[in-house]
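Values reported hereafter were calculated over all heavy atoms of this structure, with side chains retained and with hydrogens, waters and symmetry mates removed. Because the structure is predicted, anything quoted here is derived from the model rather than measured.
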Amino acid sequence: MEKKNKKLLLDLNFKQLQGLCLSLGQQKFRAEQIYSWLLLGADYEAMSNLPKSFLQQLEQSYLTQSVFLKTHQIAKDGTTKYLFELKCGGTVESVFLPNKYGNTVCISSQVGCKFDCKFCASALNGFSRNCSNGEILGQVIAVNRHKGGNVDKRAFCNIVLMGSGEPLDNYDNVLNFLHSILDSKGLNFSNRNISLSTCGLVDKIKKLADQNLGITLSISLHATTDESRQVIMPVAKAYSIKDILEAAKYYFDKTGRRVAFEYIMIKDLNTSHHDAVRLSQMTKQLSCHVNLINLNSVNERNLKGVDSEHAKRFCQKLLDLGVSATIRRTQGQDIDGACGQLRNKFV
């Protein structure tokens with residue numbers, strides 16, 4: 001069977017992998033052996049504790065790895081950006097972010113993006129397709145392996161779904177990935193160390209809330225009026241800020257987890273005194289935190305950020321008005337690996 005027609009073993013959850021083993025005449029414990037190898041990024045050749053005849057059966061229909069590392073770049077601050085070719089077609093970028101309080105990996109959920117936010121590079125190459133559960137998980141495994149981690153001692157403790165694509169537009173595959181990454185049989189991440197960023201698909205936010213996974217939800221707000229939000233986010237024509245705030249409250253009520261609002265500071269658009277006042281009024285009834293983000297340059301976009309002093313003043317205004325707010329540290333800007341810069345440049 002040609003590679004392109006083969007399925008991905010990583011698309012199967014642990015229970016499904018057990019079922020596959022039974023269907024091929026093997027005992028259930030073989031699934032645990034296979035999964036432990038897959039989480040190390042191993043090929044069939046390395047699976048020395050499994051019968052060769054069984055591995056040959058699997059190899060006829062299934063691929064062990066879902067992503068292939070094409071290249072990587074290391075920034076001055078130690079941030080590493082990876083370009084992965086997906087075994088089922090297309091490329092995505094992932095980013096390893098070092099931090100003394102715990103390293104993070106930022107992963108992609110789609111090949112490209114449909115939503116074309118005007119501060120982001122991810123839609124500039126168009127949208128190709130959704131990533132499967134195994135392709136999302138494969139990015140985590142590949143970065144962990146490249147950084148010298150394993151199942152017991154991972155190279156990072158935090159995962160953020162903030163790379164290319166809109167995670168909630170790929171809801172089923174992302175949900176399967178979340179179940180896989182939280183599974184004690186897998187990499188066993190804590191839900192408190194996983195963040196999902198959305199441009200604000202209200203119906204899917206509520207659907208995710210009903211799952212009660214307890215992960216951190218980050219919503220791209222970026223404006224305090226519907227008019228200004230629509231200038232930079234086409235999705236704002238479908239969902240108003242009022243809709244967003246209601247969904248954020250629903251998420252907190254269902255999960256008990258504080259919602260994060262992402263807010264890119266854009267010159268002459270969203271950092272006035274009135275914006276600060278409106279933001280305080282919008283958030284005062286919610287359990288939330290505002291992540292202020294410096295705009296990172298994208299050549300094809302004509303938006304400009306504010307200078308560092310303006311950013312600090314805006315943050316202080318919010319704090320004075322009772323808003324929980326911080327300015328997010330910028331990492332990987334010199335390799336186009338910072339927030340809003342991922343675009344799969346290899347394409």
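Ion pair Glu309/Lys312 flagged as a salt bridge, since at least one NZ, NE, NH1 or NH2 atom sits closer than 4.0 Å to an Asp/Glu carboxylate oxygen. Lys114 and Glu166 are not joined by a salt bridge, as no carboxylate oxygen comes within less than 4.0 angstrom of a charged side-chain nitrogen. For the pair Asp210 and Lys207, the salt-bridge criterion is not met [side-chain N within less than 4.0 Å of a carboxylate O].
When the ring pair (Phe, Tyr, Trp, His ring centres under 6.0 Å) test is applied to Tyr251, no partner is found at least two apart in sequence or on another chain. A search for side chain to side chain donor-acceptor pair (under 3.5 Å) contacts involving Ser66 returns nothing, not counting sequence neighbours. Not counting sequence neighbours, Arg313 has no partner by the salt bridge (charged side-chain N to carboxylate O under 4.0 Å, His left out) test. Take His289 and apply the ring pair (Phe, Tyr, Trp, His ring centres under 6.0 Å) test, not counting sequence neighbours, and it matches no residue. For Lys206, there are no salt bridge (charged side-chain N to carboxylate O under 4.0 Å, His left out) partners at least two apart in sequence or on another chain. Remark: Asp183 pairs with no residue by the salt bridge (charged side-chain N to carboxylate O under 4.0 Å, His left out) rule, at least two apart or across chains. In terms of the ring pair (Phe, Tyr, Trp, His ring centres under 6.0 Å) criterion, Phe261 has no residue partners (sequence neighbours excluded). For Asn158, the side chain to side chain donor-acceptor pair (under 3.5 Å) partners are Thr104, Asn193, not counting sequence neighbours. Listed by chain and number, the residues in a salt bridge (charged side-chain N to carboxylate O under 4.0 Å, His left out) with Lys304 amount to none (sequence neighbours excluded).
Nearest heavy-atom pair across Ala31 and Leu17 is O-CD2, 3.6 Å. Shortest non-hydrogen contact noted between Lys254 and Ala209 is CB-O, 3.7 Å. Residues Ala142 and Val67 come closest through the heavy atom pair CB-CG2, 3.9 Å. Considering all non-hydrogen atoms of both residues, Leu286 and Leu245 come closest at CD1-CD2, 3.8 Å. Of all heavy-atom pairs between Ala276 and Lys317, the closest is CB-CB, 4.1 Å.
Looking at Phe115 and Thr198, their side chains never come closer than 4.5 Å, going by heavy atoms from C-beta outward. Looking only at side-chain heavy atoms (C-beta outward), Phe156 and Leu97 stay at 4.5 Å or farther from each other. You'll find the side chain of Lys118 stays beyond 4.5 Å of the side chain of His222, heavy atoms only. Looking only at side-chain heavy atoms (C-beta outward), Thr71 and Leu83 come within less than 4.5 Å of each other. Counting heavy atoms from C-beta on, the side chains of Tyr44 and Leu50 never come closer than 4.5 Å.
Although no hydrogens or angles enter the test, the distance criterion places a donor-acceptor pair under 3.5 Å between the side chain of Gln16 and the main chain of Asn13. When atom types are taken as modelled, the side chain of Gln139 and the backbone of Ser108 share a donor-acceptor pair closer than 3.5 angstrom. Here the side chain of Arg30 pairs no donor or acceptor atom with the backbone of Cys21 at under 3.5 angstrom. For the pair Asn144 (side chain) and Ala155 (backbone), a donor-acceptor distance under 3.5 Å is present. In this structure, Arg257 contributes its side chain and Gly214 its backbone to a donor-acceptor pair below 3.5 Å. Judged purely by atom type and a 3.5 angstrom limit, Lys204 has no side-chain atom pairing as donor or acceptor with the backbone of Asn170. Side chain of Asn176 to backbone of Asn133: no donor-acceptor contact under 3.5 angstrom is found. Remark: side-chain polar atoms of Asp116 are not paired, donor with acceptor, to backbone N or O of Ala123 under 3.5 angstrom. Put simply, the side chain of Tyr250 never gets that close to the backbone of Val202: no donor and acceptor are under 3.5 Å apart.
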TODO: Could you give me the CA-CA distance, side-chain angles and deciding distance for Leu221 and Leu279, then say whether side-chain contact (heavy atoms from CB on, under 4.5 Å) is met?
DONE: CA-CA 10 Å; Leu221 187 60; Leu279 197 50; 3.7 Å; yes
Task: Stepwise side-chain hydrogen bond (donor to acceptor under 3.5 Å, both in side chains) check, Ser132 with Asp11 - done: CA-CA 7 Å; Ser132 73; Asp11 278 342; 2.8 Å; yes
Open item on the list: Does Ile264 form a side-chain contact (heavy atoms from CB on, under 4.5 Å) with Ile232? I'd like the steps, not just the answer.
Closed with: CA-CA 11 Å; Ile264 290 178; Ile232 54 172; over 6 Å; no
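In Tyr101, the OH atom is not crowded: 12 or fewer heavy atoms of neighbouring residues, nucleotides or ligands sit closer than 6.0 Å.
Other cluster members for Val277: Leu321, joined by side-chain heavy-atom distances under 4.5 Å among Ile, Leu, Val, Met, Phe, Trp and Tyr.
Partner of Ile266 under the side-chain contact (heavy atoms from CB on, under 4.5 Å) criterion, chosen from Val231, Thr271, Ile293, Leu303: Leu303.
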Can you give each donor-acceptor pair under 3.5 Å made by side-chain atoms of residues 146-154, sequence neighbours left out, with the distance rounded to 0.1 Å?
{"residue": "His146", "atom": "ND1", "partner": "Tyr82", "partner atom": "OH", "Å": "2.8"}
{"residue": "Lys147", "atom": "NZ", "partner": "Thr80", "partner atom": "OG1", "Å": "2.8"}
{"residue": "Asn150", "atom": "OD1", "partner": "Asp152", "partner atom": "N", "Å": "3.0"}
{"residue": "Asn150", "atom": "OD1", "partner": "Lys153", "partner atom": "N", "Å": "2.6"}
{"residue": "Arg154", "atom": "NH1", "partner": "Leu187", "partner atom": "O", "Å": "2.6"}

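Each salt bridge (Lys or Arg N to Asp or Glu O under 4.0 Å) pair with one or both residues in residues 219-243, not counting sequence neighbours, would appear here, but there are none.
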